[in-house]
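Structure first, commentary second.
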Amino acid sequence: MTRTISILGATGSVGEQTLDLVRRNRDDWRVVALTANCQVATLAAAAREFGAEIAVVADESCLADLREALAGSGIEAAAGRTALCEAAARPVDLTVAAIVGCAGLGPTMAAIEQGGTIALANKEALVSAGEVMTAAVSRHGATLLPVDSEHNAIFQCLQGGRIEDVRSITLTASGGPLRLVEDLSEVTPEQAIAHPNWDMGAKISVDSATMFNKGLELIEAHHLFPVGLERIRIVVHPQSVIHSMVEYRDGSTLAQLGPSDMRVPIASCLAWPARMDTPMAPLDLAAIGELSFFAPDEERFPATRLAREAAEAGGAAPAVLNAANEIAVEAFLKRKIAFSRIAVLVERVLADGDHPDAPRSLSDVLMVDEASRRRATEMLELA
Ligand code: NDP
């Protein structure tokens, strides 16, 4: 039976890998909405290839180009944040939320409000909105399927188990490309985004290098799997073969293993609760040889400590942490600050003290996000 799908962030790393799987199973899917920020040519080519109903760019200045690129195709073209949310609200069987950053929050919430199934890659949206998002999921009867490989692994390990029987959850972390680099002050953007195991967008690659990615994932796991923050652990596992683990109270630990290819967790969401074929080679453990594990070094990479503290503080703190990190990563990628300043800036914004009350609605979260971005930008300029 053909199912309908919309992909928010279709031109990104997760978006394109989703389209690759859809392309391999064309008869199973009808594409409704595809969105991007401003990569018009890539978006229009995908919309034409998959016969999408509508293509949307977030950046309004790109609309004329999008219209031109779609001329004669019969595909609707739209632009702007409102158009993005309207497209995300078109009813579909599956929405893949793969916009990067808190910019994806509004459209993801619009999809949640339709009560559909959302394959969530956009971790920053869940980190920032926290209970606002999980409450909306319950209120609208929506289903969140985690795309992030670690959370997808945990989700798989929990199938058939009861959350009250879980003793702990262990998130694995590759440690990123800088785990063994001694002097972090001289790291360039090129070094930081050269991830040893995964091929990802620039922002998440920098987050992996700083370990903020694991910090965001800790908060994400806290919202997706209510076992208590103190039961969620992090272990560095450089081979990225085990994607995460669940330990039950009888002493059994279940792990999910697989290649470091996002098409595996994406396929798990596309086919859920069934399974589908992917072009992955079988896992060859003998060729891999050894799996190793280390405790995270929070002296050199304080991001996981900062994230845990923000999660413990609750309220607006995770949204503040996320916004400050987004500003810091952007500044680092533009070579305005050193790599080692990213965590320093996030810690300063968090310690600023004057945090707003716990957000109770989407507009509250967006206000916290906006205010924290302003504060982080001011601190950058003062530094
Ligand atoms: P990319 O940078 O590769 O792609 C981001 C997508 O979001 C693009 O389609 C981009 O459009 C769009 N976009 C960027 N800014 C905006 C905006 N302001 N408004 C609307 N759309 C925007 O990111 P990834 O695919 O790497 O990551 C996407 C999300 O998935 C992130 O939250 C990341 O943490 C998460 N994730 C990614 C993984 C990966 O392997 N890449 C693994 C696990 C999670 P345009 O191309 O026009 O700029």
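Counting convention: from 1, in listed order, for ligands and their atoms alike. Nothing here was measured: the structure is a model prediction, and the numbers come from that model. We count residues from 1, following the sequence as given.
Side chain to side chain, Gln39 and Asn37 fail the donor-acceptor criterion of an N or O pair below 3.5 Å.
In the vicinity of Asn122, heavy-atom distances shorter than 4.0 Å reach the ligand 1 atoms 32 (O). Ligand-side atoms of ligand 1 in range of Ala10: 9 (O), range being under 4.0 angstrom from any heavy atom. For ligand 1, the atoms lying closer than 4.0 Å to a non-hydrogen atom of Thr11 are 8 (C), 9 (O), 10 (C), 11 (O), 45 (P), 46 (O), 47 (O).
Taking atom 6 (C) of ligand 1 as the reference point, the nearest protein heavy-atom neighbour is Ala98 O, 3.7 Å. The single protein non-hydrogen atom nearest to atom 23 (O) of ligand 1 is Val100 CB, 4.0 Å, given as residue, atom name and distance. Of the protein's non-hydrogen atoms, Ala58 CB, 3.4 Å is the one closest to atom 19 (N) of ligand 1. Nearest protein neighbour of atom 37 (C) of ligand 1, counting heavy atoms only, is Val14 CG2, 3.4 Å. Distance from atom 34 (O) of ligand 1 to its nearest protein heavy atom, with residue and atom name: Lys123 CE, 3.2 Å. Considering only non-hydrogen protein atoms, atom 26 (O) of ligand 1 sits nearest to Gly201 N, 2.9 Å. Of the protein's heavy atoms, Ser13 N, 2.9 Å lies nearest to atom 3 (O) of ligand 1. When hydrogens are left out, the protein atom nearest atom 4 (O) of ligand 1 is Gly12 CA, 3.1 Å; that is the closest non-hydrogen contact.
The part of Glu124 lying near ligand 1 is the side chain, judged by heavy-atom distances below 4.0 Å. If you look at Met200 next to ligand 1, the close heavy atoms, those under 4.0 Å, come from the backbone and the side chain alike. By the criterion of a heavy-atom distance under 4.0 Å, neither the backbone nor the side chain of Ser149 is placed next to ligand 1. At a heavy-atom distance under 4.0 Å, atoms from both the backbone and the side chain of Ala121 approach ligand 1.
By the 4.5 Å heavy-atom criterion applied to side chains, Trp198 and Ser240 are counted as neighbours.
Between Leu84 and ligand 1, no pair of N/O atoms sits closer than 3.5 Å. Taking only nitrogen or oxygen atoms, main chain and side chain alike, Gln39 reaches within less than 3.5 Å of ligand 1. Residue Ile204 has no nitrogen or oxygen atom sitting less than 3.5 Å from a nitrogen or oxygen atom of ligand 1, judged on distance alone. Residue Ala103 has no nitrogen or oxygen atom sitting less than 3.5 Å from a nitrogen or oxygen atom of ligand 1, judged on distance alone. Between Asn37 and ligand 1, at least one pair of N/O atoms sits closer than 3.5 Å. For a threshold of 3.5 Å applied to N or O pairs, the pair formed by Asp148 and ligand 1 contains no separation below that value.
Residues Lys334 and Glu330 are paired through a salt bridge, judged by an N-O separation under 4.0 Å between the basic side chain and the carboxylate. Salt bridge present: Glu309 and Arg305 bring a charged side-chain N and a carboxylate O closer than 4.0 Å. Salt-bridge annotation for Arg263 and Asp20: present, with a side-chain N of the basic residue lying under 4.0 Å from a carboxylate O of the acidic one. Comment: Glu60 does not engage Arg81 in a salt bridge, judged by the lack of any side-chain N to carboxylate O separation of less than 4.0 angstrom. A salt bridge does not link Glu113 with Arg139: every distance from a Lys NZ or Arg NE/NH1/NH2 to an Asp or Glu carboxylate oxygen is 4.0 Å or more.
Within the structure, salt bridge (Lys or Arg N to Asp or Glu O under 4.0 Å) pairs that include any residue of residues 173-185 do not occur (at least two apart or interchain).
To the nearest 0.5 Å, the span separating NE2 on His223 from CG on Leu229 amounts to 9.0 Å.
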(message) side-chain contact (heavy atoms from CB on, under 4.5 Å), that's the test. Do Gln256 and Val264 meet it? Break it down for me.
(response) CA-CA 11 Å; Gln256 186 259 351; Val264 177; 4.3 Å; yes
(request) Carefully, step by step, assess Ile5 and Val92 under the rule side-chain contact (heavy atoms from CB on, under 4.5 Å). (result) CA-CA 6 Å; Ile5 186 168; Val92 281; 5.9 Å; no
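Classified by interplanar angle (parallel below 30°, tilted 30° to 60°, perpendicular above 60°), the ring pair Phe339/Phe332 is perpendicular.
The 12-atom threshold is not exceeded at CD of Glu68, counting heavy atoms of other residues, nucleotides or ligands nearer than 6.0 Å.
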